[in-house]
2 protein chains.
Amino acid sequence: MLPLTSMTGFLLQKSGAILLAHAERALEARGTRVRHFYVLAALNDTPDLSQHDLSQMIGIDAGILGSLIDEMETDGHVERRRNPLDKRRYVVNITKLGRDVLVVLLDDMQKIEQEFLSSLSDSEAGNLRKYLERALAGRWPEVIECGSPGEI
Amino acid sequence: MLPLTSMTGFLLQKSGAILLAHAERALEARGTRVRHFYVLAALNDTPDLSQHDLSQMIGIDAGILGSLIDEMETDGHVERRRNPLDKRRYVVNITKLGRDVLVVLLDDMQKIEQEFLSSLSDSEAGNLRKYLERALAGRWPEVIECGSPGEI
DNA sequence: TATTGTTATACTCTATAACTATA
DNA sequence: TATAGTTATAGAGTATAACAATA
């Protein structure tokens with residue numbers, strides 16, 4: 001029997017947990033957490049997200065995301081207004097200041113990632129990314145209904 | 001900039017979390033959790049572990065592991081006695097019944113893993129495992145001092 | 001003085017459900 | 001009736017520190 005420490009599932013889970021712990025430790029020095037980075041990066045990729053779609057995209061509970069966005073709005077990193085086409089929804093966007101912060105956090109995150117993968121060649125790291133993308137396809141991120149009434 | 005959902009770190013963290021969630025859901029039907037599987041698998045690979053070394057090997061807090069081992073000893077899946085060479089330490093081992101349980105849980109876990117990786121070929125899944133092993137080398141599991149007084 | 005293991009406590013996190021407003 | 005978002009709360013999970021026994 002393959003030892004536990006060679007089972008792909010165990011390796012995947014521990015890799016993810018260790019990488020996250022490294023990232024949290026690095027971002028702690030900036031007074032932020034990985035979830036702030038996820039929000040900024042998602043909003044930078046996809047404008048005009050509702051909180052609901054954002055919470056599904058990055059996998060954070062809608063309740064937690066609510067207070068997170070409150071905080072980030074106070075800091076001026078994101079802005080939100082009501083969606084005129086569906087007044088239940090917000091339209092959340094990253095601000096100029098948020099983009100500046102994102103540049104710094106992205107640099108931190110990429111350094112952490114590169115350090116973690118430093119024993120792999122560039123092509124191997126590329127393969128790893130492709131494998132994970134394929135394994136996750138259809139499972140993540142949860143489908144955002146782009147034709148939903150939330151679209152502006 | 002690479003979208004968040006294509007960053008290897010994000011993919012790794014989400015893959016690990018999703019796979020763990022799948023596994024927890026599958027094992028829930030048997031009244032166990034992934035941590036029980038980890039303990040049984042580690043003890044099956046490595047006899048005569050102390051609780052301290054075991055907690056480092058599978059990455060569970062020593063306090064949590066204590067009550068976990070209590071429970072598993074009551075169920076007859078593990079047994080422990082004091083290490084005669086260092087009476088502070090336990091010597092924990094898997095029992096015959098524990099091995100029977102492990103066979104069942106391992107089958108569950110492998111099915112979950114195969115399903116999760118079903119979009120990869122066998123050689124790709126093998127590559128993925130090798131990449132993760134290399135990325136984790138030296139980071140996990142934490143070194144067990146095999147020459148320590150805990151050895152029998 | 002340091003380490004193993006146990007226990008208790010406090011803190012964090014998450015999940016749930018209730019609620020308002022809107023569709 | 002269903003959905004977006006907010007809020008409060010309970011439960012689970014985790015980390016910490018104190019302690020006893022042993023080295």
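Proteins come first, then strands; the chains are lettered A, B, ... in the order of their sequence lines, and each starts at number 1. Only heavy atoms go into these numbers, but all of them, side chains included; no hydrogens, no water, no symmetry mates.
Proximity of B:H52 to the phosphate of C:dT4: a side-chain N or O atom is located under 4.0 Å from OP1 or OP2. OP1 or OP2 of D:dA23 has not a single side-chain nitrogen or oxygen of B:R82 nearer than 4.0 Å. Taking 4.0 angstrom as the limit, B:R89 places a side-chain polar atom (N or O) nearer than this to OP1 or OP2 of C:dT4.
In this structure, the nucleotide among C:dT4, D:dG5, C:dT7 sitting nearest to the side chain of B:D70 is C:dT7. Out of C:dT6, C:dA23, D:dA23, the shortest distance to the side chain of A:K87 is found at C:dA23. Checking D:dT6, D:dT22, C:dA21 against every side-chain atom of A:R88, the shortest atom distance belongs to C:dA21.
Using modelled atom types, one finds no donor on one side chain facing an acceptor on the other under 3.5 Å when comparing A:R80 with A:N93. Side-chain atoms of B:E79 and B:Y90 include no donor-acceptor pair closer than 3.5 Å.
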Problem set entry | A:R129 vs A:E133, salt bridge (Lys or Arg N to Asp or Glu O under 4.0 Å): CA-CA, chis, key distance, verdict | CA-CA 6 Å; A:R129 184 169 67 77; A:E133 278 187 305; 3.2 Å; yes
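Rounding to whole angstrom units, CD1 of residue A:I69 and P of D:dA4 are separated by 16 Å. If you take CD1 of A:I60 and C1' of C:dA15, they are 15 Å apart, rounded to a whole angstrom. At whole-Å resolution of the value, CG in B:L68 and C1' in C:dT7 are 16 Å apart. A straight line from CZ of B:R81 to C1' of C:dG5 spans 17 Å, rounded to a whole angstrom. The CG-P distance, from B:L85 to D:dA23, rounds to 10 Å in whole Å. Rounded to whole Å, atom P of D:dG5 lies 9 Å from atom CG of A:L54. Rounded to a whole Å, the CD atom of B:E73 is 14 Å from the C1' atom of C:dT6. As a whole-Å value, the separation of B:Q51 CD from D:dA21 P is 17 Å.
Checked against salt bridge (charged side-chain N to carboxylate O under 4.0 Å, His left out), A:E71 has no partners two or more places apart in sequence or in another chain.
A heavy-atom distance below 4.5 Å is not found between the side chains of B:L11 and B:T5.
Under the 30°/60° scheme for interplanar angles, the aromatic rings of B:Y131 and A:Y131 are found to lie parallel.
Judged by distance alone, the side chain of B:S50 and the main-chain N or O of B:R89 form no donor-acceptor pair under 3.5 Å. Side-chain atoms of A:T74 come within 3.5 Å of backbone N or O of A:D70 as a donor-acceptor pair.
Contact between B:I69 and B:V39 at its shortest, heavy atoms only, is CD1-CG1, 4.0 Å.
For DNA chain D, each stem of at least three Watson-Crick or G-U pairs (distances under 3.5 Å) is given as range with range: C:1-23 with D:1-23.
A:S50 comes within 4.0 angstrom of the backbone, heavy atoms only, and of no base.
For A:D107, the CG atom counts as densely surrounded, since its 6.0 Å shell holds more than 12 non-hydrogen atoms of other residues, nucleotides or ligands.
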Letter by letter from the 5' end, nucleotides 9-18 of chain D scores (B base, S sugar-phosphate only, - none; protein heavy atoms under 4.0 Å) ----SS-B--
